[in-house]
Each structure stands twice: as C-alpha cells, then as structure tokens.
Amino acid sequence: MQQRRNLPFYAIAALLFGVKTYLVYRFIFNLSIENQLQEIILLINPFATAFLFFTFAAWFKPERQIKFTRRISLIGTLILYFNVIYFRGFTDFLTMPVLFQSSNASDLGSSILNLIYVPDLLIFADVILVYYLSRKVKPSMQITARRAKLSATALAFALLVGNVVLAEMERPMLFMRTFDREYLVKNIGIFNYHIYDVALHSKTKAQRVFADGSEMNDIEEYTNKEIKSKQSSKLEGIAKGKNVIYISAESLQSFVIDKKVNGKEITPFLNDLIDDSYYFENFYHQTEQGKTSDSEFIVENSMYPLSRGAVFFTHSQNEFNAVPEIIGKYGYTSAVFHANNGSFWNRNVMYDTLGYDHFFDEQYYDVNKENSIGWGLNDKAFFKQSMKYLNNLKEPYYAKFITLTNHFPFELPEEKQNIDKLETNSKTLNQYVTTVRYMDESIKKFFQHLKDSGQYKDSVIVIYGDHYGISQYHDAATSKFIGKEIRPFEHTQLQRVPFIVHIPGHEDDRVISKPAGQIDMKPTILNMLGIENQKDIQFGTDLFTNDQDPFVVLRDGSFISENYLYAKNVCYDRETGEEVESKKCEPLKKKAQKELDYSDSIIYGDLFRFYDFKNKQMDLNKAEK
Ligand code: GP9
Ligand code: MN
C-alpha cells in the first residue's frame, strides 16, 4: 500500500518560523531595501536559516525529532524577541559583549517594560501552534531513512551557501564591515549573525595574547602627523589651576537647543548660557553600544569606543592614559558624581583603571520615593545633595556629574512638567521635551549652588550630551518635529549633541561651527589647563587650534569633514546636504577606517601596556612582559 507523504513536522515548523522571521525583519527591524538583490536575499534568508537549524531535527529518533523541533522553535523565537526589545531601545542588534553586561539589565527595570508591547505575543504564535501540532503528529510521520536525512541536510546547507554567495555579491567584504550590524543582519540573517558574532568574540579575546606592541610605532607616527596640533591655542593655560566641572547631560541632543514648544523654550537656561560660553554647534557624540560609558571612555581617553560592547566592560583591566590619571600628577583631585548603582557599566572597576580618586555613587545619596524619577534620584536633588561632597574636595578638582532624569523612557510626573508635551505619533519624543526641560532647570539650579558656595568663579564648567536620546525608531515623529525628511545625512546630523565650555568672567565667547566630537575633549581641556601632553597617543585635536583639518569619525564609519558628510555609503556636501560623487569622500573614508582600526588595535591588544608615556617610546622591559 502506498504511504501518503507528509511534510515532516520539523519542515512545517521551519516554514512557520521563516515566515515569522521575515515579518519581523520587514516590519519591526524595518530593514531597508535598496535594490532587488537585497529583496531576494531578505526573502531567502529567513527560510535558509530556519531550515538549517530545524533540519538538525532529522538526525534524531522520530519521537525526539518532535521534541527538538518544539525546543528550537521556542529558543529561536526568544533570541529573535530579545533582539526586538534591544532594537526598540537602540536600533541595534545584540552582541556577545552586550549579553555579558546583563548585570546592567537588572537596573533597567521600567526602561525594558516600556519596550515590550502586548501585540508582541504574535511573535510567539508559531511556537504555540508548533506545540499544539506536536501533540497531533505521530513519530511514524517523521524522517527515518538515512538518504532522506542526508538530502534534507544537503538542501539546508545549499540554501545557506546560496544565501552567503548572494550576500557577498550584494555587499563585497561584508564580513570585514563588522561595525555595520544592520548590513550583516540584512544579508545573513539574525541567527547567522549571532554565530558570526560569537566567532568574532573569540578572535578579539585572542588578540591581546598575540599582541607584541610593535604596532604602536605606526600608530604613533600616524597620530603625530595627522592629529596632533603643532600650533599653540589661544586658550592655552586659561584654566590653569582652576577646577574643572563636567556635566554629562543624559541623552541631550542638539536639535532641542533654541527650540520652542507652544511658545516656550525647551532649554531656556542652556540657551542663555550658550550666549556666555563657547558653544560648538556641530559637535557629535561618537558612542556605540556602551552608551553613557562609551561617552565617558571617549572623553577621558580621546580614543574611539569599540564597535561591539562597552570598553568599560570588555577591557576594564587594560592600561590607559586617561585624564584623571594625567591631571592627578598635576595636583588635581578627580571625582565622579552619579546617583546610580556603582556597578552599572562596571564603573566601580573602570574608574580605578582610569585613575579617579573618588566615586560618589548611589550610596552617598539619600534616595527615596519622593525624590526619585524614572531611573532614580532626580537631577535637582542629585545636584543639591552633591554639593556637600564637592565642597569638601581638595582643590583644584576635576569633577564629573552624570545626570539621569532625562533618560529613556523620559517619564516625568505631570506636576513637574513645565513645558507641554509634543504632539507627534511618538510618545517617547513627546515626553522627551519635558525631561529635557527638567534637566535644564536642574543645571540652572546647580549653577546657583556653585555660585552660593563660592566655587563658580574658580571653575571652568563643561556641558556635553552623552549620546542620542531619540533613536531612529522614532524617525517619523522626529522628522515632523525638525521639519525635514530624515535621510542618512539628517540622521547623522541628529547625532549632534551640545558642547558648551563656560569660563566665568571670560569675554571672548562665541559659537564655533567647525565639526568636532567627544574625542576632542581630552586634548582641548588639557590644553586649557596648560598641561603639557605632547607625548600622548590620542585621536582628538585641541578644538581651539586650527592647524588640523576638522575630521569627526562616528563609530559606525560615518564621518564629517569641513566639506563632506559621509553616511551609509553616500557622500554629501556638508553645507547643502546634497549628494555628491562618492569619490570625493573616498580618501577620507580610508582615513576614517584607519583611525578606527588603530584605536581598536590599542584596545584589543592592550597596547599601552608596552608604551612608556613619559619617555615617549617603546619600553623594552615592558615589551618583554
Ligand atoms: C546609568 C546611566 C545611564 O548609570 O549612565 O546609562 P545609559 O543607558 O544612558 O548608558
Ligand atoms: Mn546616557
């Protein structure tokens, strides 16, 4: 009697899983399609990957095939869903180092809940169906013949190879562009991307072991020639012996500066302060997955963050030459004030490495229900309570205040809102202006505290935005607010954050338009303090000198020069935003890549352990270690 041939259970589950993955790619990750080949790849990939993983089931005994299929459907869905949650927050995909940062996750609380929506249950629909069907299918309907198993596996691998070949055709050197996770996911799919990421992780771990320090010669030559200013700046030594106060303004982007909502300024205090300060209107954050901690890393070291994970977690035991350590030798006391858990971003470990003398974390503050908003102590109480510690610091000091209230999901009790919410289709953006306003009021009060305590006149106060607050996910709403269509050009321009240098009693204040980035802060500040730092290896330039052409590289490989802005493979005229021939950006593209690679080599190889900053040469004793 002829047996009716059914599709094996694992194949049905794989089909369902493929459809689901495709829908998530298109409608949640919103992976953009630029041409027909990409369209084909995006369609093939979810099925190729699903068959690859589900086909393993064929190698089990029939009963176990059913169990395995159920499990793989659940595990695959969970991986997909964790990525969905992460993507909603950061428009990015998970990496291994981010998973190792899970100690941060316990503190994320309300932020994560805001990224989970009820319709997400649909993502689990096929898992439920697979569980339901698994009770109906019989082991006898599964694959048993060895030939069938072999051909199923061969088919799965053929699909995968086909996918990779198409991907390489579409995007040559795909696997070299590891900082562009969207391209990777678009071309090889989220699951193969994770496998690739695991391999990359092991490779970078090995890099330190095999590093020998000789690479430092090239890096030193490059930074001496291309980055270091030869000119002395007109502000050199202006802050000599003064206190330096940094305010890391959480999620503050430049697009809200000087903007109004229903006739009210969003940042009235900062707008006034800018008139009495140096203000860099084209200043970019350069952070990646390490968010606030990346900004701290860049600012203290004048190096690029990593493309995956946070240096604060992955390389907290490296040798660095950070600002707190350098200025400690000049009699400065260094301190960080941040009313959050001290281990968040591994700060309690990394601050020691960077040479900080004090870290006033959550334990130093009186935090209760009444004075908490969102992530913890509100910024007003934070600055107020910090004063007693600041007043007791030995002067001169270098103190960094990290604010918190203007953090996603930007929730503020109604009675504390002193500006109307926006009316766009993004709740996040609508609320954002209210918490930005709250932070602005807090900074205003902080200035008053500094004046009252007599510290203001002896200090230089530097305010900078740590990273974006409104992710790409809200582009439609942001576009409405800024009144422009958001192309890669505008997206890059949205990565601008305020950078304000306020020197009490100084007259020559002005708005500076040249492109600049967080990486330039270290040389700029050290120069203002009159600290001789010629022997350092860094990737930023003193912003008050003009002998090097402005060049800002973002961690995703985009860059901004005097004339051009390059993003997502398109070269734009920086002034007009119009697309120009790509060859105009070509030489700078190579330079940007070179800088990122050099900075990465230093971090991955822990190369500073071989370098003697005092004598500006390779320390042979060290090299033998
Ligand atoms: C946490 C605060 C916020 O301590 O710095 O971190 P973020 O999520 O912005 O990186
Ligand atoms: Mn932050």
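As the structure lists them, so they are numbered: ligands from 1, and atoms in each ligand from 1. Treat the numbers as computed from the prediction; the structure is a model and nothing was measured.
With Arg347, His467, Glu296, Glu250 as candidates, the residue nearest to atom 5 (O) of ligand 1 on a non-hydrogen basis is Arg347.
Remark: Glu441 does not engage Lys444 in a salt bridge, criterion side-chain N to carboxylate O under 4.0 Å.
Here the angle centred on the Mn ion (ligand 2), running from OG1 of Thr292 over to OE2 of Glu250, is 150°, rounded to 10°.
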Take His474 and Tyr432, measure what ring pair (Phe, Tyr, Trp, His ring centres under 6.0 Å) needs, and give me the verdict at the end.
CA-CA 12 Å; His474 307 278; Tyr432 178 66; 9.8 Å; no

Between His315 and Tyr604, does a ring pair (Phe, Tyr, Trp, His ring centres under 6.0 Å) hold up when you go through it step by step?
CA-CA 8 Å; His315 294 82; Tyr604 286 129; 5.5 Å; yes

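Relative ring orientation between Tyr365 and Phe382 is described as tilted, the plane-to-plane angle lying within the 30° to 60° band.
Per-residue contacts place Trp345 under 4.0 angstrom from the following atoms of ligand 1 (heavy atoms of the residue considered): 6 (O), 7 (P), 10 (O). Near Asn340, the atoms of ligand 1 lying under 4.0 angstrom from a non-hydrogen atom of the residue are 1 (C), 4 (O). Those atoms of ligand 1 that come under 4.0 Å of a heavy atom in Trp375, given as number and element, are 1 (C), 3 (C), 8 (O).
A cation-pi arrangement is present between Lys380 and Tyr438 under the rule of less than 6.0 angstrom and at most 45 degrees off the ring axis.
Contacts between Leu404 and ligand 1 below 4.0 angstrom, taking non-hydrogen atoms only, involve the side chain exclusively.
The Mn ion (ligand 2) has an N, O or S atom of His467 closer than 2.8 Å.
Taking 4.0 Å as the cut-off, Phe408 does not count as a neighbour of ligand 1 on heavy-atom distance.
Remark: the backbone N or O of Ile603 is paired with a side-chain donor or acceptor of Asn318 at under 3.5 angstrom.
Of all N, O or S atoms in Asp466, the one lying closest to the Mn ion (ligand 2) is OD2.
Atoms CE and CG, on Met521 and Asp542 in that order, are 12.5 Å from each other to the nearest 0.5 Å.
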